[in-house]
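Here is the structure we will look at, set down as structure tokens.
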2 protein chains.
Amino acid sequence: MDLVPIGEAARLVGMNASALRYYEERGLVTPVTRSGGRRMYGRQELRRLAFLRTMQQLGIPLDTAGAVLDAPGEAWRATAAEQIDVLEQLVNRAKAAQWVLRHAIECPAEHPAVECETWIGMVDQLLEGYTFAELAGKHLTE
Amino acid sequence: MDLVPIGEAARLVGMNASALRYYEERGLVTPVTRSGGRRMYGRQELRRLAFLRTMQQLGIPLDTAGAVLDAPGEAWRATAAEQIDVLEQLVNRAKAAQWVLRHAIECPAEHPAVECETWIGMVDQLLEGYTFAELAGKHLTE
DNA sequence: AAAACGGTTCAACCCGACTTGAGGTCAAAT
DNA sequence: ATTTGACCTCAAGTCGGGTTGAACCGTTTT
């Protein structure tokens, strides 16, 4: 079965052993067995860890990610679908932020944030579409 | 100039007023002026807030995002370039996570995480490339 | 004139996600 | 035989990013 102890498991998934104990405490990943009190992890557990870590790094709360893995019956499908949307928005925002930054580093201006019209327009667009649609309206219409 | 007080500014950028005070305390965004003790924000400040908020939501620490806006001289260009890379990785991971989830919700298996070979293969790939390259080697080679 | 509204300060608290430290166990290497 | 290394538990601490609450201050509506 090729079971690995906590230190090795942690190394394999790129986390600290303390984090694995913490995940266990949270009920997210339980070692498949214990040999002489020591936690032993199998493939299945490493996969869970890797999945959870990936989602966590993307800003998905651990409990939400855990629900995709463990929600009873068909419930997990709904959670998974929601997370696809969350990730979609993440990707869009990240790309928008990249456009802004890419422009900035190519910009001849001393500092785009204050001098460059293109930067300014891009940042204003970053805002539009999320909560900021009113900017052009009520206030601040130069 | 169209200055707005803190509550309106917060509403426009989709944050709480308390967060704007906190950003000020951190030295990230200072109201352009105060009128009778009250913070007043202009366009420039709203843009800073929106940029910072966007970066923060993507997992970029506030200080790092602030450095893009304020690093002296040309230093900000290097920080910006780094953040483009960070965001690139973010996008790749998010897409990988989406693939896994998309497959999962289409999968006929009771629960992909335990039953579906495709899911398993995808999660294993999530790991490869980040710290997990050794999985196929040393341990756990079934 | 008094209540409501939106602002102010400051200190304290909260939350998620861990990490750290003290004190102990056990097996293998020196 | 003892030291080293990896593990154990449990309580407490840390860090980023805020929020909350108390006590207060000016307008402006009722």
Side-chain angles (χ1 to χ4, degrees), chain A residues 3-42 45-46 48-69 83 86 93 131 138-139, chain B residues 3-42 45-46 48-69 83 86 90 131 138-139:
Chain A
L3 300 180
V4 294
I6 197 168
E8 183 71 2
R11 201 183 57 70
L12 288 169
V13 295
M15 303 170 69
N16 283 338
S18 67
L20 302 212
R21 293 192 194 97
Y22 172 72
Y23 277 37
E24 183 176 352
E25 195 182 344
R26 298 271 314 252
L28 295 163
V29 177
T30 309
V32 65
T33 184
R34 288 210 181 197
S35 126
R38 292 162 178 234
R39 294 165 175 84
M40 300 301 285
Y41 296 84
E45 288 69 41
L46 294 177
R48 288 179 67 94
L49 286 169
F51 177 81
L52 292 169
R53 191 209 51 175
T54 301
M55 297 299 273
Q56 199 280 315
Q57 286 177 347
L58 293 169
I60 311 296
L62 286 178
D63 287 347
T64 307
V68 175
L69 256 18
Q83 294 321 303
V86 169
R93 289 183 203 180
T131 330
K138 196 156 180 172
H139 285 282
Chain B
L3 300 180
V4 294
I6 197 168
E8 184 71 1
R11 202 183 57 70
L12 288 169
V13 296
M15 302 171 68
N16 283 341
S18 68
L20 302 210
R21 295 195 192 95
Y22 171 72
Y23 277 36
E24 183 176 355
E25 193 183 345
R26 297 272 312 252
L28 294 163
V29 178
T30 309
V32 66
T33 183
R34 288 211 182 199
S35 125
R38 297 170 174 226
R39 293 164 175 84
M40 300 302 285
Y41 296 83
E45 289 67 44
L46 293 178
R48 289 180 65 93
L49 286 169
F51 177 82
L52 291 169
R53 190 209 49 174
T54 301
M55 298 299 273
Q56 198 279 317
Q57 286 177 346
L58 293 168
I60 310 296
L62 287 177
D63 288 347
T64 307
V68 175
L69 256 19
Q83 293 321 304
V86 169
L90 187 78
T131 331
K138 196 156 178 170
H139 283 283

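Bear in mind that the values here come from a model prediction, so they are computed numbers and not experimental data. Each chain gets a letter, A, B and so on, in the order the sequences are listed, and its residues count up from 1.
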B:Arg39 vs B:Leu20, side-chain contact (heavy atoms from CB on, under 4.5 Å): CA-CA, chis, key distance, verdict: CA-CA 10 Å; B:Arg39 293 164 175 84; B:Leu20 302 210; over 6 Å; no
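- Note: CD (A:Glu25) to C1' (C:dT19) measures 12 Å, nearest angstrom.
- Contact check, B:Arg38 against D:dG26: no side-chain N or O comes under 4.0 Å of OP1 or OP2.
- Set against C:dC18, D:dC7, D:dG17, the side chain of A:Arg21 has D:dC7 as its closest nucleotide.
- Between the CD atom of B:Glu24 and the C1' atom of C:dT9 there is a distance of 12 Å, given to the nearest Å.
- Residue B:Tyr41 contributes atom OH, which lies 12 Å from atom C1' of C:dT8 at whole-angstrom precision.
- One finds a side-chain N or O of B:Arg34 lying less than 4.0 angstrom from the OP1 or OP2 phosphate oxygen of C:dT9.
- Within the structure, a side-chain polar atom (N or O) of A:Arg39 is placed less than 4.0 Å from OP1 or OP2 of D:dT9.
- In this structure, A:Tyr23 reaches the C:dC18 phosphate: one of its side-chain N or O atoms is under 4.0 Å from OP1 or OP2.
- Within 4.0 Å (heavy atoms only), A:Asn16 reaches sugar-phosphate atoms of the nucleic acid but no base atom.
- A salt bridge links A:Glu8 with A:Arg11: at least one charged nitrogen is closer than 4.0 Å to a carboxylate oxygen.
- Here the rule is side chain to side chain contact (heavy atoms under 4.5 Å, CB included) with B:Tyr41, and of B:Ile6, B:Thr33, B:Leu3, B:Val32 only B:Ile6 fits it.
- Taking every side-chain heavy atom of B:Pro61 into account, D:dG17 is the closest of D:dG17, C:dA17, D:dT19.
- If you check distances only, the side chain of A:Arg26 never reaches the base of C:dA17 with a donor-acceptor pair under 3.5 Å.
- Toward the 5′ end of DNA chain C lies the nearest nucleotide of A:Tyr22, the other residue of the pair A:Tyr22 and A:Gly36 mapping further downstream.
- When atom types are taken as modelled, the side chain of B:Glu45 and the backbone of B:Gly42 share a donor-acceptor pair closer than 3.5 angstrom.
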